[in-house]
Enquirer: 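Next up is a structure, given as C-alpha cells.
In each ligand, atom 1 is the first atom listed, and ligand 1 is the first ligand listed. All values below come from the heavy atoms of this structure, side chains included, with hydrogens, waters and symmetry mates left out.
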Amino acid sequence: MHSAIQQQHQGPADVVVLGGGPVGAATARLLAADHRVVLVDAGEHLRAAHRAAGMLAPTSEFRTTEPEVHALALDAMGRWPGEAAALETETGIGLDLRTAGTLHVALGADDLARTTHLADAARAAGLEAAPLDRRSLRRAEPGLSRRVAGGVAVQGDHQVDPRRLVTALRASCAARGVRLVDAAGRLADDGSVVLADGCTLRASVVVVCAGHRTDALLPGALPPTGVRAVAGTVLRLHGTPTAPVPSHVLRGRVDDREVYLVPRTDGELVVGATSVERGTDERVPAGEVLDLLGDAAALYPGVREMHLAEALSGHRPTLATPGPLLREHTLPGSDGPVRVVLSTGHGRHGVLLCHRAAAATAAAVRTSAPSVAPTPPARSSPSVPPTLEEAS
Ligand SMILES: Cc1cc2nc3c(=O)[nH]c(=O)nc-3n(C[C@H](O)[C@H](O)[C@H](O)COP(=O)(O)OP(=O)(O)OC[C@H]3O[C@@H](n4cnc5c(N)ncnc54)[C@H](O)[C@@H]3O)c2cc1C
C-alpha cells in the first residue's frame, strides 16, 4: 500500500523541479515538451505568489527598478498577453488579466509634483505615461477621494490574479504529463531529492525554484545563493454594491508610504504592500494592517465599507545584487552526475517575470542535457561552473 505522496511520484523522471510557484510551475510546464518531469511543491503557505498583488508594472516601477531588471521586465511584459491567452485556452482557467491600466493618484500639491515628475521621467525613457487633471481622474474613477489633486495614467501596466495563474500553470503541467507531488522536499549531497515522507526521487537534472526558501533546500556541498526574504503584508477586501472596487489599479502615496489598490473582476480588492526586512516571520503586524487600510481609504474612501477577507504576510525572494539568479552546479549522483539548476531572486517582480524566467531556466536545462541523459561515471566532488547568463 503506497502513501498518497508515494503514488504521486511513481515512475522514472528526467527532471525534478523543486518548488511550484509561478517560476517553478511555468518551468516544469515548458520542460514537459521533451522531458519526463516531476514537480514537487510544499504548498501555498510557503508561496510568495499566494500573497502577491499580481501587478504587471514595468512602467510604474521603472524608477525604483535597476536598469538590468527593467529591461527584463519590459521583455516579460511583452510575453504576457500571448502566454495568458495560451494558458487560458489550454486549461479553461481564467487568469483575470486586466488591461484597464494603472492610475497614479496624487493627494496634494507636493504629491502632484511627484507624479508629474514620474510621468516626465517615464516619457523621457520612452515609456507611455499621461498626466491627468483632477476632473479626468475622477471621471475615470468616480470613487476616488475628493482630495485628489491630479495624477498620471499608465495604460500599459496591467494586473493578473497570481493564485489563478499558479492554478492554471499546475493544471497545464498535469495535462502535459508532469507528475505533481504535493510535499516538501530537499536536495541531498548525492543529487537525490528527499521528500517529507523519506522517499527519494532521482533524475539527471534537478531545478530548484523555491523562492526565498531556495537556500534551505540545498545540500551543504553547494554554495548558497544568498536569496533572502523581504516581507510584505497585503490585505484582501471584498467590494459591496454600494462600495464597488475601482476599475483601474490605483497607486498613491500617503504620509510618505506607498499604497496600491488592485481590483479583481470578482469584486476582490488587494491592498498592499509593506516592504520590511524581518526574516521569515509570517505573522501580520497589526500596525501594517492599520496603515494599509488607512492609506487605501485616504485614496479611495469606499474601502471603509468593504469587507476585510484576508491579511497575509509573504516573502519576496530577494538578492543583494540586481536581477534574478540562474546558476548551475553539478553533484556526484549514485548513477552519474546530477545537474542542479537554481532559478530564484525574482524579488517584487516574480509574477511579471515568471514566463520569461521559465523560458530562460528551461533553455539552461536544455543547453547541454539530452532529454534522457547518459550517465558518465560519478565524480568524487561537486563542481561549480560559472554563473549562467540569461538565455536571451
Ligand atoms: C506582498 C507581496 C506582493 C507582491 N506583489 C507582486 C506584484 O504585484 N507583481 C509581481 O510581479 N510580483 C509580486 N510579488 C513577488 C512575487 O510574488 C514573487 O517574486 C514570485 O512569487 C516568485 O516566484 P517563485 O516561484 O520564485 O517563488 P514563490 O512564489 O515563493 O513559490 C515558491 C514555491 O516553492 C515551494 N517550496 C518552498 N519550499 C519548498 C520545499 N522544501 N519543497 C518543495 N517546495 C517548496 C513553495 O511551496 C512555493 O510554492 C509580491 C510578493 C509579495 C510577498
Enquirer: I want to confirm something. Looking only at heavy atoms, which of Gly345, Gly211, Pro317 is nearest to atom 22 (C) of ligand 1?
Expert: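 It is Pro317 whose heavy atom sits nearest to atom 22 (C) of ligand 1.
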
Enquirer: Mark yes or no for whether Thr318, through its side chain, and Arg316, through its backbone, hold a donor-acceptor pair below 3.5 Å.
Expert: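 A pair under 3.5 Å: yes.
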
Enquirer: Considering heavy atoms of the protein only, find what lies nearest to atom 50 (C) of ligand 1 and give residue, atom and distance to 0.1 Å.
Expert: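 Going by distance alone, atom 50 (C) of ligand 1 is nearest to Ala52 CB, 3.5 Å.
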
Enquirer: Would you say the ring centroid of His355 lies under 6.0 angstrom from that of Trp80?
Expert: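 Under 6.0 Å, so yes.
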
Enquirer: For atom 35 (C) of ligand 1, find the nearest protein heavy atom and state the residue, atom name and distance (0.1 Å precision).
Expert: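 Looking only at protein heavy atoms, the one closest to atom 35 (C) of ligand 1 is Asp41 OD1, 3.2 Å.
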
Enquirer: Go through ligand 1 atom by atom and flag the ones less than 4.0 Å from a non-hydrogen atom of Val40.
Expert: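 Result: 43 (C), 44 (N).
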
Enquirer: Under 4.0 Å from a heavy atom of Ala49: give me the atoms of ligand 1 that qualify, with their elements.
Expert: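 This gives 17 (O), 21 (O), 29 (O) as the contact atoms.
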
Enquirer: Identify the closest protein heavy atom to atom 28 (P) of ligand 1: which residue and atom is it, and at what distance?
Expert: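 Closest protein heavy atom to atom 28 (P) of ligand 1: Ala48 N, 3.6 Å.
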
Enquirer: Mind checking whether Val40 and Val38 have side chains closer than 4.5 Å, heavy atoms only?
Expert: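 In short, these two side chains touch, coming nearer than 4.5 Å.
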
Enquirer: Do Arg228 and Asp215 meet the salt-bridge criterion of a basic N to acidic O distance under 4.0 Å?
Expert: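 Looking at Arg228 together with Asp215, the answer is no, because their closest N to O distance does not fall below 4.0 Å.
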
Enquirer: Do any nitrogen or oxygen atoms of Gly314 come within less than 3.5 Å of a nitrogen or oxygen of ligand 1?
Expert: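 Between Gly314 and ligand 1, no N or O pair is found under 3.5 Å apart.
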
Enquirer: With a heavy-atom distance limit of 4.0 Å, tell me whether Leu217 approaches ligand 1 through its side chain, its backbone, both, or neither.
Expert: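 For Leu217, the contact with ligand 1 is made by the side chain alone.
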
Enquirer: Could you check whether Asp96 pairs with Arg264 (Lys NZ or Arg NE/NH1/NH2 to Asp/Glu carboxylate O, under 4.0 Å)?
Expert: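 Not counted as a salt bridge, because no side-chain N and carboxylate O are separated by less than 4.0 Å.
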
Enquirer: Atoms of ligand 1 less than 4.0 Å from Gly20 heavy atoms?
Expert: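 That gives atoms 33 (C), 34 (O), 49 (O) of ligand 1.
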
Enquirer: To which protein heavy atom is atom 41 (N) of ligand 1 closest, and what is the distance rounded to 0.1 Å?
Expert: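 Nearest neighbour among protein heavy atoms for atom 41 (N) of ligand 1, to 0.1 Å: Gly185 O, 2.9 Å.
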
Enquirer: Hey, looking at atom 44 (N) of ligand 1, which of Ala42, Ala73, Ala53 has the closest heavy atom?
Expert: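 Among Ala42, Ala73, Ala53, the closest heavy atom to atom 44 (N) of ligand 1 comes from Ala42.
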
Enquirer: Taking 4.0 angstrom as the limit and counting only heavy atoms of His349, give me the atoms of ligand 1 inside it, by number and element.
Expert: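 By the 4.0 Å cutoff, the relevant atoms are 10 (C), 11 (O), 12 (N).
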
Enquirer: Considering only protein heavy atoms, which is closest to atom 34 (O) of ligand 1, and at what distance to one decimal place?
Expert: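 For atom 34 (O) of ligand 1, the nearest protein heavy atom comes out as Gly19 CA, 3.4 Å.
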
Enquirer: Report the residue from His45, His346, His212 that forms a ring pair (Phe, Tyr, Trp, His ring centres under 6.0 Å) with His315.
Expert: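 Output: one option passes, namely His212.
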
Enquirer: May I ask you to identify, for Glu44, whether its side chain, its backbone, both or neither come under 4.0 Å of ligand 1 on a heavy-atom basis?
Expert: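 Glu44 to ligand 1: no contact under 4.0 Å from either part.
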
Enquirer: Is there a donor-acceptor pair under 3.5 Å between the side chain of Glu128 and the backbone N or O of Gln155?
Expert: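 Side chain of Glu128 to backbone of Gln155, a donor-acceptor pair under 3.5 Å: no, none is there.
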
Enquirer: For ligand 1, which atoms, with element, lie under 4.0 Å from some heavy atom of His346?
Expert: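 So the answer, numbered in order with elements, is 19 (O).
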
Enquirer: Considering only non-hydrogen protein atoms, determine which one is nearest to atom 47 (O) of ligand 1 and report residue, atom name and distance to 0.1 Å.
Expert: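 Ranking protein heavy atoms by distance from atom 47 (O) of ligand 1, first comes Gly43 O, 2.7 Å.
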
Enquirer: What protein heavy atom sits nearest atom 24 (P) of ligand 1, and how far off is it?
Expert: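 Closest protein heavy atom to atom 24 (P) of ligand 1: Val23 CG2, 3.9 Å.
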
Enquirer: I'd like to know if Glu83 pairs up with Arg356 as an ion pair, taking the criterion as any Lys NZ or Arg NE/NH1/NH2 lying under 4.0 Å from an Asp or Glu carboxylate oxygen.
Expert: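 The answer is no: the pair does not qualify as a salt bridge.
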
Enquirer: As an exercise, identify every atom of ligand 1 less than 4.0 angstrom from a heavy atom of Val234.
Expert: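 So the atoms of ligand 1 that pass are 1 (C).
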
Enquirer: Could you tell me whether Glu61 and Arg251 make a salt bridge, using a distance below 4.0 angstrom between a side-chain N and a carboxylate O?
Expert: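 Salt bridge between Glu61 and Arg251, a charged N being under 4.0 Å from a carboxylate O: yes.
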
Enquirer: Does this structure show an ion pair linking Asp190 with Arg202, if we count only N-O contacts that are shorter than 4.0 Å?
Expert: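 Arg202 and Asp190: salt-bridged.
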
Enquirer: So do the side chains of Leu180 and Arg170 get within less than 4.5 Å of each other, counting heavy atoms only?
Expert: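 Leu180 vs Arg170: side chains touch.
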
Enquirer: Heavy-atom distances under 4.0 Å are what count here, so tell me which part of Leu46 touches ligand 1: side chain, backbone, both or neither.
Expert: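 Contact part for Leu46 vs ligand 1: both backbone and side chain.
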
Enquirer: Is the contact between Arg348 and ligand 1 made by the side chain, the backbone, both, or neither, using heavy atoms and a 4.0 Å cut-off?
Expert: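 Only the backbone of Arg348 comes within reach of ligand 1.
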
Enquirer: Is any N or O atom of His212, backbone or side chain, closer than 3.5 Å to an N or O atom of ligand 1?
Expert: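 His212 vs ligand 1: no N/O contact under 3.5 Å.
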
Enquirer: Pick one of side chain, backbone, both or neither for how Ser343 approaches ligand 1, counting any non-hydrogen atom pair under 4.0 Å.
Expert: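 Within the 4.0 Å criterion, Ser343 makes no contact with ligand 1.
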
Enquirer: Counting only heavy atoms from other residues, nucleotides and ligands, does the tally under 6.0 Å from CD of Glu90 exceed 12?
Expert: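 Result for CD/Glu90: enclosed.
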
Enquirer: Distance from Glu268 atom CD to Leu235 atom CG, nearest 0.5 Å?
Expert: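 Answer for the CD-CG pair, Glu268 versus Leu235, is 11.0 Å.
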
Enquirer: Might you confirm whether atom CZ of Arg304 has over 12 heavy atoms from other residues, nucleotides or ligands at distances under 6.0 Å?
Expert: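 No, because the 6.0 Å sphere around CZ of Arg304 holds 12 heavy atoms or fewer from other groups.
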
Enquirer: Could you find the nearest protein heavy atom to atom 18 (C) of ligand 1 and give me its residue, atom name and distance?
Expert: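 Heavy-atom neighbour on the protein nearest atom 18 (C) of ligand 1: Gly347 O, 3.6 Å.
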
Enquirer: Relative to the heavy atoms of Ala183, which atoms of ligand 1 are at a distance of less than 4.0 Å?
Expert: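 In order of numbering, the contacting atoms are 43 (C).
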
